[in-house]
Each structure stands twice: as C-alpha cells, then as structure tokens.
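Please read the structure below before turning to the comments.
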Amino acid sequence: MPRASVLALTLLAATAVGGEPPTAKTPPPPLSTCIACHSQLDAAAAEPTKHASEDIHFQKGLSCHDCHGGNPTGDPEDVMAAHDEKKGWTGKPKRLQVPLFCAKCHADPVFMKRFNPLARVDQLSEYRTSLHGKRNAAGDARVAVCVDCHGVHGIRAVKDPRSSVHPTRVAETCGRCHNNVDLMRPYGIPSNQYAGYKSSVHARAIYDKGDLAAPTCNNCHGSHGAAPPGVQAVVQVCGSCHTREATLFREIEKKKGLNLTPCIQCMVCHDNHAVQTPTDEMIGVGPKSTCTSCHGPQDVPYKAIDEMAKAFQRLKERQTEAVDLLDRAERAGIEVSADQVALRKAQDQIVELRVLAHAFDRDRYLATAEAGLAAAEGGVAAGDKAFRELRQRRTGLAVSLVVILLVIVGLGLKIRQIERPPDPDAP
Amino acid sequence: MSERPSAGPLTRLGEWLDERMGVSLLLALGREKKVPVHRHSVWYYLGGMTLFLFGIQVATGILLLLYYRPSAGESFESVQFIMGHVPFGWLIRSIHSWSANLLVFVLFLHMFSVFFLGAYRRPREVTWLTGMLLFFLMLAFGFSGYLLPWNTLSFFATQVGTEVAGRLPLVGSFALRLLRGGDQVTGGTLTRFYGIHVAVLPALTTLVLGLHLLLVQKHGMSVPPGVEAKHEMPFLPNFLLRDAIGWCAALGALAGLAALFPWELGVKADPFAPAPAGIRPEWYFCWMFQTLKYLPGQILGVDGELLGILGFGVGGLLWTLVPFLDRAKEPADRRRILIALGWVVVVYLTTLTLMAYVPVGR
C-alpha cells in the first residue's frame, strides 16, 4: 500500500475509531501504523484503536509503541516489521506482569517529570504493600492489577468525570470485584461493601450533592496500597476528616488508660461502609441508642449515658422554645436581634455536645450542656420579655386611642357649642 | 376713678406677652381670617394636615437625633439601639417612618386638590410655586432619610436612585459624585445624606414654608371657579378646631400603625453583597422606577432611560408652571383640557405605582 494511502487511512482511522473526534483539546493519536493496521482487524484486535483518542497517553503524545514497543513507522504491510522484537516489541503483557509493565514509565521519575513534575512515581511500591500486590507477587492472577481499575486502552485522567477512578466512580470500579460473591468467597471477604457504601451519607454527599471532598473507597483504604485500615488505625482514618472526634477519642485512651481497641473504635457506633447520618437518638438509653448495644442497665456507664442524654434533650427543647418565642416576637415587630444572636450560643453548645459525645466524659458533657441551657433560658426569658412589651404596647395603644377619641369628641362638642345659633329667647 | 377688677394669672401673662410681642395682633388676624364654606371645603384641611405631619417629623426627628450616629459602622446599630433599648424609641422611630409616608401621601392629595380646584390661579401663582418647591423638598427629605438606617433595602435603593441622577446629560457625572460623595455609595454618602436631611433641607423648608404660609394668609382660601360659597366660617376657632380633629385622627392612625406594624429594622447593608431581587425605591418613587423599566433601551436612536429621565424633568417643569399655562378667566376648554390631563397623571402615577408591587413573573 502506497505511503500516501497509509497516511490517509491513518487519518481516517484516527477519526473513525470510537470516542470523540479530535479537537484542540483531544488531538488525534500520533500517526502510526499500529492504529492504521489494527483498526482493520477483527473485534479483539481492533479494540485498542476504538478508544485511542480519549486515552490520556495518546493525548500526551505517546502511542502504542511507547508501551508495547515495536516499529510504528515500518512498512504497514509487514506485520513482522511492526512487531519487531529488536525494536522492543513486547506485545500484550501477561496479567501478572501488568504492574511491572505500567511501572516501566510510572515508576520512572525522570520520565514522568516530562509530563507532570509533581507526578507520583510510587504506585508500584505502594501496590506491593497492598493485599492485591502481595497476592499478585504470590502468583494469584485473579487479584486486581492496574488495568482492572484504570482500564487498558482509553485510560482517562483521574480528574475526568468519565474516568473509572474519578471519585464519583471509584466505588463502582472497586465494586466490580468486591461486589462479586463468587470472586470474594475464596478469600473470605464479604461482598456487601458496595451496597453498604451506596446507602451511606458519604455516598449521598458524592452522588447527590456532588461533594467530591466526601470519602469514597480509596480515601479510607488507599489507592494503590489498598488495604483495610488496621484495628489501631480506624480512628486515624476517620479522623483524617473528623479531626475533633478523633482527637477526643484518642484522649480517652490517654487520660483514662482505657483500651478501646476491642471496640474497633468508630465502627461500633457508625459502621464502616454503611455510615449513616448520626442522630441525637444514638446517644442515650433509648431504642435507637448505640450505647446500649454494649452497655446494659447494670453497667456503670449506663446511668451517666442516661444523664447526658436527658441534659442534651432538655437543652434542645429549651433552645427550640426560645427560637420560636423570639421569631414570633420579631414577626410581631419587637426588636430582638441582639437576643437572637445571644441565643446562638445555645445552638453552638448543641453542636459541641454532639462532638463531645466522643469524649465519653460525663462531667465535661454536663458542664457544656449547662452552659447551653443557660443561654437557652436567657433566650426564653428574652422572648417572654418581648411578649410582655408587646402587651404593654397594645395596652398603651388602646389607652391613647381612647384619649384621642375623647379629645376628638371634646373638640366636636366645642365646635357645636360655638356654632350653635344664639337662643332667640335669651335676654 | 373706679378700680379695674384684678385679672387672673393667665390674663396677666397674655397682657405681658402682648405688650412685648403683639400677640393680640396675630389673634385678631386669625379672627378676621375667614374660610369659605362650600361643597369642596373639605379639601382645605389637607394643607393643615400636611403641616401637622411635617411637625410630627420635626419633633420625632429631633428625638431620634439624640441617639442616631451617622456613620456606616454605627448607624444601623444606633437604630437597633433606639428600637430595642431606648424607652419608647421603637414608637418614635416607627412614627417617624410612618409619618414620612403619610406626609408624602397627603402632600400628593393636597397638590392634586389644589390643581383640580384651580387654587393656583391668579393671584396665587407664587403660592403654587412655593408649594411645588415644598413638594420637591419633601421628596428630597424622603430620599435622604431612607438611607440613614443603612440597611440592605436603603443602601441599594440609594444606589439605584443616585445612578438615575448620574444619567442626566452634561451634569450627570457631577451630580452623581455630589450626591454620593464619591463614585460609590459609602459611609461618606451616609454622612452627606445625614447633613442634608437634618440641616440643609430643614433650613430651606423653613424659608419656603414660611413664605408659603404667609402667602396663604395673604390671599386667603381660594374658591374654585364656578362654585359659590354658602357662607364663611372664622378660621379661629372654628376651622382650627376642625383641623385639630383631623390632626387627632392622624395621630391616632400613626399610633396604631406604629404599635401594630412597627417599622422594620432590616438587615445591615453589605456593600459587597449583590442587590436583593425585586429591589425598588420607596413607593412615591416607584412610578418613575417602573416607567424606566418599561422604556425600551433605545427610542429613535436615543437612550431610552435618558429620555425617560428627561421626560420626568420636562413633565415636572410643566406641572410646576401650570399657573402660567392656565390663563383662562372663565371655565374654558383650556381648563377642561388641564383637568383631563390632571386625571391622566393621577391614573398614570397610581397604576405605575401599583404595578411596581406586582410580583415579578406575573
């Protein structure tokens, strides 16, 4: 085939392969005979060419031979020339070899610096610490390798929402294996994590609110060094976002000399994957309490838990009452903005108490509740005062209107008196 | 010589004042002044009502002055203090705000009643001119006073209002900077408006009002053309007592409004926040605001908004010069045309004002 025809075919193939047409942002794949030839082959062989234009490697100017070796500029009719081992052709790597295959570039800091000076190059070393990596090294071809998460061809950048490792898609990607009962059974790993996570408050934050700061699988388990956090590390993992709760929790162990490890820290109350929005009913001795899952009525902490819950409930009720009173007073026209600002302290204490529950410190908890209750009582008192003021105003209005009416009547009588025609019989 | 019976203390005080100030002369003038009684006499009370409400504004304004602080950092808080902590501060402030609105409303009624009754005709042309000056002064009071609480509505209403001034040809830029004390509405604008509201405008109003009242006393009450007065009533005490009834009623209405619908404090102005949706000026400027909204961007190659502003100016000028446009001695076509135009103006102002309060989208 003449070279001009190859060129034309290559260009045609570049626009005809799947994905987007080339644009200024997604330039066409570099000219090579690989794509020109493979696009003419059967389904399996043509597959790599279908996603070339959306692949980050092609977009950065790399091509097939940069990974697979070979000669991209040889005679396109000569397959052996293209697949020349002397030109470094390695073909399709074996599954167990994929991490090393990708690490040829991704673990080379000098090479990666050309594309991104801040690119990490420790993916392989992290992978080797993971359960995936350890089993891969032991010859288990069923565990995840690079292509299982990132794709083979058509690999998109992580920040591309269509990437399989974008935060909005990580759980789905991990779930491809971890949701597979048959795949997980030999390892004794449960397969309900994906379902649990999808029901969680973290998933709702990502999928419903678009909040990419919310965690997905890799935020807790790691990306390449994926592993369940150790028992000692659960509070550290959750504490990377929930810092105050984690600090309070760690203080318990230091101050009280308690060993809370058997409780597996955060998970006992909040679960690990199906983390739900915490409710105030979780604290206390009621039916929805998490405390009573461990502490029965005969336990020493039971009474303290009950006291804490009651103090919290009392504060919430008074704060709600104060807010309602002040709002009604405001609508009636009484100036209460300063009182509403002061009442915020009660709301602040409510929020503080929800965090302080993680200190498991009855005295500290009750003291904080007392401070909040004082602010709430102040708000109620201000509301009562505002309504007394309102009643006084209305009374004052009624009195003044009566006085004004009397004056008007008086004026009317005076006018009548002075305009009365003179009495003709008067002397 | 017979001895003069001893006079009571009040009589002796009256005699003392009369000797030094000529009070009896004023009382005599008042007794001499007569008010014609006919089917349109009720409109005569509007002038006194306007004066009464202005008096309320002065009295409540002076009381507010004792606590108000004219700076961007303190004005809102000082009004908040007046509303929340000063005894009866809420009452004084609410009366001041409601009375301002009632004053402008009654002023419009007074102006239109004078117009329709032809009370501007010779020799009362200057009375009409001073009355129109007072009208513009009251609008200026309203505009300058509206900014003083420094809340969101007043801040953005002032921003929009001063921008309109900035659209005037030739002098617009100067007028804008003169009003604002700079390019933007800032604390400097507040201080400037405060000075205008409590010093400049009261001084001008005192002069013009004095002249207006003097002219009203000089010329007496006008009888509308084609109307015959049945009889006359003395100004003192008959008309004044009736005036007082109206004033008491107005006082009662103000007390009710202040107690049942206290004027809101709002939210402190944030110059960096966007203007709230649906922002509009006070109701007596809404007809202008709404007109400018409806005008197309370009009219015959000229900026629509500019044409609108010039239109207001020309319209205001023509309205002010009405005594010189109506030279008919007898009820004639020209007078009938003017009356018809007057009703057009009333309907136009009322309709545009009401439309400003129709929710957007309807």
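Predicted model, so just to flag it, every value in this text is computed and none were measured. Residue numbers begin at 1 in each chain, while the letters A, B, ... track the order of the sequences.
Using a 4.5 Å cut-off between heavy atoms, B/Ile245 contacts chain A through both its backbone and its side chain. Within the 4.5 angstrom heavy-atom criterion, no atom of B/Glu264 approaches chain A. Proximity to chain B is limited to the backbone of A/Ala332, based on heavy atoms less than 4.5 angstrom apart. Only the side chain of A/Glu389 comes within less than 4.5 Å of a heavy atom of chain B; its backbone N, CA, C and O stay farther away.
Under a cut-off of 6.0 angstrom, the local environment of CZ in A/Phe387 is crowded, with over 12 non-hydrogen atoms contributed by other residues, nucleotides or ligands. Within 6.0 Å of the CH2 atom in B/Trp283, the count of heavy atoms belonging to other residues, nucleotides or ligands exceeds 12. A 6.0 Å sphere centred on NZ of B/Lys33 holds more than 12 heavy atoms belonging to other residues, nucleotides or ligands. More than 12 heavy atoms of other shown residues, nucleotides or ligands fall within 6.0 angstrom of atom OH in A/Tyr207. Sparse packing is recorded around CZ of B/Phe105, with 12 or fewer heavy atoms of other residues, nucleotides or ligands lying under 6.0 Å away. Within 6.0 Å of the NZ atom in A/Lys345, the count of heavy atoms belonging to other residues, nucleotides or ligands does not exceed 12. Atom NZ of B/Lys34 is surrounded by more than 12 heavy atoms from other residues, nucleotides or ligands within 6.0 Å.
Here the closest non-hydrogen pair linking A/Leu397 and B/Ala259 is CD2-CB, 3.8 Å. Summarising the geometry of A/Val407 relative to B/Cys248, their closest heavy-atom pair is CG1-SG, 3.6 Å, with the distance given to 0.1 Å. In terms of heavy-atom proximity, B/Pro237 sits nearest to A/Ile418 at CG-CD1, 3.6 Å.
Counting heavy atoms from C-beta outward, B/Leu260 and A/Arg394 have side chains that approach closer than 4.5 Å. Contact of the A/Ser337 side chain with the B/Met83 side chain is not registered, since no non-hydrogen atoms from C-beta on lie closer than 4.5 Å.
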Margin query: Quick one, A/Glu419 with B/Arg242, criterion salt bridge (Lys or Arg N to Asp or Glu O under 4.0 Å). Give me CA distance, side-chain angles, the key distance, then yes/no.
Written below: CA-CA 12 Å; A/Glu419 289 182 357; B/Arg242 285 175 168 82; 2.5 Å; yes

